[in-house]
J.: 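Quick one: structure below, then a few questions.
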Amino acid sequence: MSLTWPWALFLLAFLPLFVWTYWRSVRRRGETGVLYPHLALLTRAGGEGRRWSRHLPALLYLASLALLILALARPSLAVPRANPQAGVILALDVSRSMAAGDVKPNRFTAAQNALKAFVRELPEGARVGLVIFARYARLVVPLTSEHHRVMEAVNLLEMDFGTTIGDGLMESVRALPSLEERKATGEDPHKLATVILLSDGRNYGGVDPLEAAAEAARQQVTVHTVGVGSVTEGPIPGIEPRLWWAARFDEETLRSIAQATGGEYYFVDSAGALKQTYSDLGRSVVWDYHRDEATGYAVMAATLCLLASLLLGEWRRRVI
């Protein structure tokens, strides 16, 4: 929180005077003797349970004064919102190895659900696109703020043979605004172009993934990579033994792509972890912050405290 007129806070120095005046008046009333025939009722009214509550109206009144002084200082808060200049491309491996069942119900379905959860949580106005790659790479949905288009496209995806990680990355970079366009906005180009690439296998043909990563770095595109499935030796449910080698993703390559472009590498081996990874990425790649004056909120809170103080004070007088 920041303050436009911080000098107004010097008025808080007068609040101790209010506390001292109130305390003196309470003590003065306590020292005054009165005749009251109903001693039992008087004892209940001044019991332990009511000692603190009788000061509550004054505390609420004090809080309202403090909030009004804060409002005079014109506070402002950093409020998150979608950056309309930013773009995120979801690059998804749709090779046949995505049918493996080591991630329940299978890698492909888990990835579809994670992508849909990612898009569903995006703020209004955020731009997102979809690229798929197997033996080829294709832009399925260009950058758009119409999130339902991406959701529908994800539902219609089908698997194919091959894994061309480099081609998928190059297609993703081409789908983003050019470096010159992003520089023209006056913002950091890295923050305006992001690729989230998921793969479960090894590159087979096409552009070398590390060459594609170098090009992404030259274009100041941040690439986060997600490796899903198995990296160790052993059987893979749903995959023929002769294809096990292709169904184990190249962790070193995915890590290198992320490091070369300033991104992060994530290894996931469950549907829950995959969805959480995309959720975490969604909160970091499309949000921007702007200052929003919060004076009205401070005045509203002060008004509520003042009303509560008056109502509680009136209720206590009627009870006693």
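Along the sequence shown, the residues carry numbers beginning at 1.
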J.: Less than 4.0 angstrom from a charged side-chain N to a carboxylate O is my criterion; do Lys191 and Glu187 meet it?
T.: no
J.: Of Val221, Ile257, Val207, which meets side-chain contact (heavy atoms from CB on, under 4.5 Å) against Leu169?
T.: Ile257
J.: To the nearest 0.5 angstrom, please state how far the CG atom of Leu310 sits from the SG atom of Cys305.
T.: 11.0 Å
J.: Main chain of Pro177, side chain of Arg182: is a donor-acceptor contact present, judged purely on distance under 3.5 Å?
T.: yes
J.: Using 0.5 Å steps for rounding, measure from the CG atom of Leu65 to the CG atom of Leu12.
T.: 10.0 Å
J.: What is the distance from atom CD of Glu121 to atom NZ of Lys116, rounded to the nearest 0.5 Å?
T.: 13.5 Å
J.: Quick one: do Thr277 and Asp280 satisfy side chain to side chain donor-acceptor pair (under 3.5 Å)? Show the steps, please.
T.: CA-CA 5 Å; Thr277 296; Asp280 293 342; 5.8 Å; no
J.: Determine whether Asn203 and Thr163 satisfy the following criterion, side chain to side chain donor-acceptor pair (under 3.5 Å), listing intermediate values before the conclusion.
T.: CA-CA 5 Å; Asn203 188 71; Thr163 303; over 6 Å; no
J.: Can we say Arg96 and Asp160 salt-bridge, meaning some charged N sits less than 4.0 Å from an Asp/Glu carboxylate O?
T.: no
J.: Output, in order, the C-alpha distance, side-chain angles, deciding distance and verdict of side-chain contact (heavy atoms from CB on, under 4.5 Å) for His224 and Thr194.
T.: CA-CA 8 Å; His224 301 290; Thr194 303; 3.6 Å; yes
J.: Using side chain to side chain donor-acceptor pair (under 3.5 Å), reason through Ser256 and Gln259 one step at a time and then give a plain yes or no.
T.: CA-CA 5 Å; Ser256 297; Gln259 290 175 346; 4.9 Å; no
J.: Can you find a heavy atom in the side chain of Val119 that is under 4.5 Å from one in the side chain of Leu115?
T.: no
J.: Any chance you could measure Leu157, atom CG, to Leu130, atom CG, to the nearest 0.5 Å?
T.: 5.5 Å
J.: Tell me if a side-chain donor or acceptor on Ser64 pairs with a main-chain N or O of Tyr61 at a distance below 3.5 Å.
T.: yes
J.: Applying side-chain contact (heavy atoms from CB on, under 4.5 Å) between Leu143 and each of Leu176, Val88, Val150, report the one that passes.
T.: Leu176
J.: Would Glu152 and Arg149 pass as an ion pair if we require N to O under 4.0 Å?
T.: no
J.: Quick one: pull up CZ in Arg120 and OH in Tyr278 and give me the separation to the nearest 0.5 Å.
T.: 14.5 Å
J.: Do side-chain atoms of Thr303 reach the backbone of Val299 as a donor and acceptor pair under 3.5 angstrom?
T.: yes
J.: Tell me whether the NZ or CZ atom of Arg135 lies within the 45° cone about the ring axis of Phe161 and under 6.0 Å from its centre.
T.: no
J.: Taking only Lys NZ, Arg NE, NH1 and NH2, and the carboxylate oxygens of Asp or Glu, determine whether Glu180 and Lys183 approach each other closer than 4.0 Å.
T.: no
J.: Does Ser270 use its side chain to pair, donor to acceptor, with the backbone of Ala273 at less than 3.5 Å?
T.: yes
J.: If we ignore hydrogens and angles and just use 3.5 Å, is the side chain of Ser145 paired with the main-chain N or O of Gly125 as donor and acceptor?
T.: no
J.: Kindly say whether Gly166 contributes a backbone atom to a donor-acceptor pair with the side chain of Thr164 at under 3.5 angstrom?
T.: no
J.: Hey, what do you get for CZ (Phe108) to CE (Met159), rounding to the nearest 0.5 Å?
T.: 5.5 Å
